[in-house]
Amino acid sequence: MIAAVVVAAGKGVRMGGPLPKQFLPLRGMPLVCHSLSAMARHVDAIVLVAAQQDIAYCRNEVLTRVDLPVPIDVVAGGQERQDSVYRGLCAVASQADLVLIHDAVRPFVPEHALTNAIRQAQETGACILGIPAIDTLKQVRDGRIEGTLQREVVWQAQTPQVFRTDRIVEAHRQAIRDGIIGTDDAALLERMGHPVAIVYGSRFNLKITTPEDFWIAEALFDLAHER
C-alpha cells in the first residue's frame, strides 16, 4: 500500500490574508485541494495534517470541495512541521509500505515526476524531487559573503519526498530522541546514513509562500487550462 501525508498545518503568516495560505482559493478551489488531487492519482490513502483549530474547517469546507478517489483522514499537527509530519506518519505506519510526504502548498506536481520518484523509492527506499540550481549561490553570514558554492552540485529540494515507511518513521523517532530538527524529511534519513535518491521535479512545482508566489500560481493555472 502507498499512502500520502499532506502537510497543511502551517499558519501561512507571510501571505497576510484572513486564511492560512493552504486554504486560499486558487481559481475557485482551496489550494490544498489541488495538492490532494495530485496525490490521489498515485496513492491508496491520504492523511491530511492540519492545525487542531482547522480540523473542522478541513472536513466541512475543504474536503467537501474535492472528490477524491481514495479515503482521506484528517489528523492534528504539532508545533513544528516535523512534528506534524511525524503525526501523519503515525497515522499510516501500520498500513503503508511506502509513503509520500507533500507540502499542501505545492499544487503543480508533474505526473511523470511523481511516477519516477515512486519507482525510485520502491527500488532504493528513498527518493525526493528536486531541481538543479541555476543561479550563482552565495554563502552569507551577517550580510557578508563568505564564499561561492559550486552550483553544479547543488539542487533545490522539492516535495513530494517518497520513503519506505519503516525507514522514515525510524528516522523521525531518532530525531526526536536526539533533539534534531531537520530542514526536510530527507535530511533525517541522511543523518542516519541511508542513501536518498533525487529525480528531476519541475520548475513549475513551486511552493506558494508569498503573495507573489500566488500570482505566479494563478498564471500557471490559467496557462495550463488554456492548452
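Hydrogens, waters and symmetry mates are skipped; everything else that's a heavy atom, side chains included, is used.
Residues Leu63 and Ile72 share a closest heavy-atom pair of CD2-CD1, 3.7 Å. Across Ala126 and Phe163, no two heavy atoms sit closer than the pair CB-CD2, 3.7 Å. Counting all heavy atoms, side chain and backbone alike, Ala9 lies closest to Ser84 at CB-OG, 3.6 Å. Across Leu48 and Ala8, no two heavy atoms sit closer than the pair CD1-CB, 3.7 Å. Pairing each heavy atom of Ala40 with each of Leu68, the nearest pair is CB-CD2, 4.0 Å. Scanning both residues, Ile134 and Arg151, for their nearest heavy atoms gives O-NH1, 3.1 Å.
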Chi angles and distances behind the salt bridge (Lys or Arg N to Asp or Glu O under 4.0 Å) call for Arg81, Asp184: CA-CA 9 Å; Arg81 180 187 183 278; Asp184 68 351; over 6 Å; no

Stepwise salt bridge (Lys or Arg N to Asp or Glu O under 4.0 Å) test for Asp178 and Arg191: CA-CA 11 Å; Asp178 296 343; Arg191 66 183 294 269; 2.9 Å; yes

Residue pair Val99, Val5: steps toward the side chain to side chain contact (heavy atoms under 4.5 Å, CB included) verdict: CA-CA 7 Å; Val99 61; Val5 172; 3.9 Å; yes

From CA spacing to verdict: side chain to side chain contact (heavy atoms under 4.5 Å, CB included), Tyr86, Arg173: CA-CA 8 Å; Tyr86 180 65; Arg173 289 175 177 164; 3.1 Å; yes

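A heavy-atom distance below 4.5 Å is found between the side chains of Val109 and Pro160. Residues Ile208 and Pro107 are in side-chain contact: their nearest non-hydrogen atoms beyond the backbone lie under 4.5 Å apart. The shortest side-chain heavy-atom distance between Ile46 and Val6 falls under the 4.5 Å cut-off. Between Ile198 and Cys127, the closest side-chain pair of non-hydrogen atoms is not below 4.5 Å. Looking at heavy atoms from C-beta onward, Lys207 lies out of side-chain contact with Asp213 at the 4.5 angstrom threshold. Inter-residue side-chain proximity for Leu24 and Pro30 is flagged as unmet; no heavy-atom pair is nearer than 4.5 Å.
By the 4.0 Å N-to-carboxylate-O rule, Arg164 lies too far from Glu170 to be salt-bridged with it.
You'll find the ring centres of His34 and Phe108 outside the 6.0 Å limit.
Within a 6.0 Å radius of CZ in Arg177, more than 12 heavy atoms belonging to other residues, nucleotides or ligands are found. Atom CD of Gln150 has 12 or fewer neighbouring heavy atoms from other residues, nucleotides or ligands inside a 6.0 Å radius.
Using cut-offs of 30° and 60° on the angle between ring planes, the pair Tyr200 and Trp155 is perpendicular.
Gln139 pairs in a side-chain contact (heavy atoms from CB on, under 4.5 Å) with only one of the listed residues (Leu149, Ile145, Thr148), which is Leu149.
Donor-acceptor pairing under 3.5 Å is lacking for the side chains of Arg119 and Gln122. For the residue pair Gln161 and Thr159, no side-chain donor N or O sits within less than 3.5 Å of a side-chain acceptor on the partner.
With hydrogens and angles ignored, the 3.5 Å screen pairs no side-chain donor or acceptor of His112 with any backbone N or O of Asn116.
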